[in-house]
J.: 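One structure, as structure tokens, below. Some questions next.
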There are 2 protein chains.
Amino acid sequence: MDLSAKSEYALLALLELSPHFASGEPLQIRQIASQQNIPDRYLEQLLATLRRAGLVKSLRGARGGYLLARDPWKITLYDVVSCIEGFEAQTDPAQSSPTPETLVIQAVWGEARQAAETVLQKCTLQDLVERRNAQQQVDIMYYI
Amino acid sequence: MDLSAKSEYALLALLELSPHFASGEPLQIRQIASQQNIPDRYLEQLLATLRRAGLVKSLRGARGGYLLARDPWKITLYDVVSCIEGFEAQTDPAQSSPTPETLVIQAVWGEARQAAETVLQKCTLQDLVERRNAQQQVDIMYYI
DNA sequence: TGCAAACCCCAGTGGAGAACCGGAGTATAA
DNA sequence: TTATACTCCGGTTCTCCACTGGGGTTTGCA
């Protein structure tokens with residue numbers, strides 16, 4: 001029920017990439033990692049997953065790096081979390097003969113999960129960027 | 001993001017206790033465990049937690065057992081899951097200086113979590129019982 | 001053409017927590 | 001008084017998350 005470090009790292013990385021989408025300049029793993037305090041060898045794996053999911057593109061070789069595959073307002077938090085966390089494929093083969101009780105419980109749990117996913121589907125990377133900027137404005141006002 | 005065996009066991013046990021609330025007759029751990037296929041020594045721990053949370057009462061000694069502490073329509077799934085899973089106290093002391101990025105991410109995640117919890121708060125044990133009965137009716141109709 | 005900078009793949013490890021088991025003790029109905 | 005139940009507390013096994021490491025391959029640039 002709580003956010004895994006894995007998903008948080010992925011979101012932070014994509015958040016870091018968002019402002020660079022317009023210019024088309026790639027960011028390197030090291031830069032993202034040091035900027036957001038993420039173990040770089042670990043971030044590497046996450047970016048590979050995001051690449052296979054079609055959320056980022058990579059440029060190999062010297063002067064390479066990563067960039068968003070599409071506009072930051074066309075990537076939802078659900079896109080990110082679901083591909084990182086690996087939803088789906090939860091058929092649970094051990095549960096050969098589910099009882100009526102477990103079925104009902106799973107059904108309600110599915111509704112709760114659905115409600116959470118709807119929130120994530122409605123929030124894009126661009127929304128996150130703007131909320132962060134707005135928050136920083138508030139901080140500055142308090143600082144003055 | 002997925003339902004733990006722990007919570008599912010607890011819900012199954014309370015579901016088993018629900019029909020017996022009216023009569024006031026206690027159910028024993030062994031009975032619940034064998035009925036719902038739960039390791040009995042493990043269920044014992046869960047029921048102890050539920051008792052401390054005030055969701056069930058225990059009768060010690062011969063002919064003892066467990067019974068619901070209040071009406072099954074006055075116990076929500078949120079009551080159960082939150083006490084079993086131990087929500088709250090997630091201040092995360094390691095996060096001494098949260099960045100604006102992590103703050104925004106946590107905020108949205110909190111909204112998603114809140115949406116899921118609302119679903120659980122609206123569903124009572126009695127709702128579960130009735131949905132199970134309704135489902136069984138459907139099964140019977142298909143059987144005929 | 002060489003070489004360094006970057007991505008790419010795969011395999012392992014350490015620690016934490018979940019799920020479960022066991023034993024000794026205590027309360028209580030019969 | 002005794003059998004039946006709950007109660008407390010500790011250990012054990014197993015899985016998974018977060019992370020690390022050792023190899024590659026690709027590519028811009030001097």
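Lettering of chains follows the sequences in order, A, B, ..., and the numbering in each one begins at 1.
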J.: Mapping B:Gly61 and B:Tyr66 onto DNA chain D by nearest heavy atom, which one lands closer to the 5' end?
T.: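 Mapping each residue to its closest nucleotide by heavy atoms, the 5'-most match is B:Gly61.
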J.: Answer with base, sugar-phosphate or nothing: what part of the nucleic acid does B:Leu47 contact at a heavy-atom distance below 4.0 Å?
T.: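 It contacts nothing in the nucleic acid.
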J.: Just so I know, are the side chains of B:Leu50 and B:Cys83 near enough to count as touching, which here means a heavy-atom distance under 4.5 Å?
T.: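 With C-beta onward as the side chain, the pair touches.
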J.: If I take atom CD in residue B:Glu44 and atom C1' in nucleotide D:dC9, what distance separates them, rounded to the nearest angstrom?
T.: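 One finds 11 Å between C1' of D:dC9 and CD of B:Glu44, rounded.
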J.: When the distance from CD1 of B:Ile84 to P of C:dA18 is rounded to whole Å, what number comes out?
T.: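 Going from B:Ile84 (CD1) to C:dA18 (P), I get 12 Å.
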J.: Counting side-chain heavy atoms from CB outward, which of D:dT20, C:dC21, C:dC7 is closest to A:Gln45?
T.: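 Nearest to the side-chain atoms of A:Gln45, counting from C-beta on, is D:dT20.
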J.: Between B:Arg60 and A:Ala62, who's closer to the 5' end of DNA chain D by nearest nucleotide?
T.: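 Checking each residue's closest nucleotide, the 5'-ward one belongs to B:Arg60.
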J.: If I take atom CZ in residue B:Arg51 and atom P in nucleotide D:dA5, what distance separates them, rounded to the nearest angstrom?
T.: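 Those two atoms, CZ and P, are 18 Å apart.
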J.: Heavy atoms only, 4.0 Å cut-off, all strands: where does A:Ala5 land among base, sugar-phosphate and nothing?
T.: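 Here A:Ala5 touches the backbone only, sparing every base.
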J.: More than 12 non-hydrogen atoms from neighbouring residues, nucleotides or ligands closer than 6.0 Å to CZ on A:Arg70, yes or no?
T.: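 Atom CZ in A:Arg70 is crowded, with more than 12 foreign heavy atoms closer than 6.0 Å.
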J.: Rounded to the Å, how far apart are A:Ile29 CD1 and D:dC19 C1'?
T.: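 It is 15 Å, rounded to the nearest whole Å.
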J.: Is the phosphate of C:dA6, meaning OP1 or OP2, less than 4.0 Å from a side-chain N or O of A:Ser58?
T.: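 Indeed not, no polar side-chain atom of A:Ser58 lies that close.
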J.: Output the rounded distance in Å from CG (A:Leu59) to P (D:dT27).
T.: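 Value for this atom pair: 10 Å.
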J.: Can you check the B:Leu46 CG to C:dA19 P distance for me, whole Å?
T.: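 Distance, rounded to whole Å: 9 Å.
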J.: Specify the separation, in whole Å, of atom CG of A:Leu43 and atom C1' of C:dC8.
T.: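 Taking CG of A:Leu43 and C1' of C:dC8, I get 14 Å after rounding.
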J.: Looking at C:dT13, I'd like to know if its phosphate oxygens (OP1 or OP2) sit under 4.0 Å from a side-chain N or O belonging to A:Tyr42.
T.: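 False: A:Tyr42 side-chain N/O out of range (4.0 Å or more) of C:dT13 OP1/OP2.
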J.: Given atom CD1 of B:Ile38 and atom C1' of C:dC20, what is their separation to the nearest angstrom?
T.: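 Going from B:Ile38 (CD1) to C:dC20 (C1'), I get 13 Å.
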J.: Of the listed nucleotides (C:dC9, D:dT20, C:dG22), which one gets closest to any side-chain atom of B:Arg41?
T.: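 Looking only at side-chain atoms, B:Arg41 lies closest to C:dG22.
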J.: Please check if the side chain of B:Thr118 supplies one atom and the backbone of B:Gln114 the other of a donor-acceptor pair under 3.5 Å.
T.: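 Yes, the answer is positive, given that a donor and an acceptor are paired below the 3.5 Å cut-off.
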J.: Answer with yes or no whether the side chains of A:Gln126 and A:Ser18 bring together a donor and an acceptor at under 3.5 Å.
T.: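 Short answer, no.
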J.: Would you kindly say whether B:Gln35 and B:Gln31 are connected by a side-chain donor-acceptor distance under 3.5 Å?
T.: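 No.
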J.: Under 4.0 Å, counting only non-hydrogen atoms across every strand here, what does A:Arg63 touch: a base, just sugar-phosphate, or nothing?
T.: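 A:Arg63: backbone/sugar contact only, no base atoms under 4.0 Å.
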J.: Just N and O in the side chain of A:Tyr9: are any of them under 4.0 Å from OP1 or OP2 of D:dC19?
T.: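 Yes, such a contact exists.
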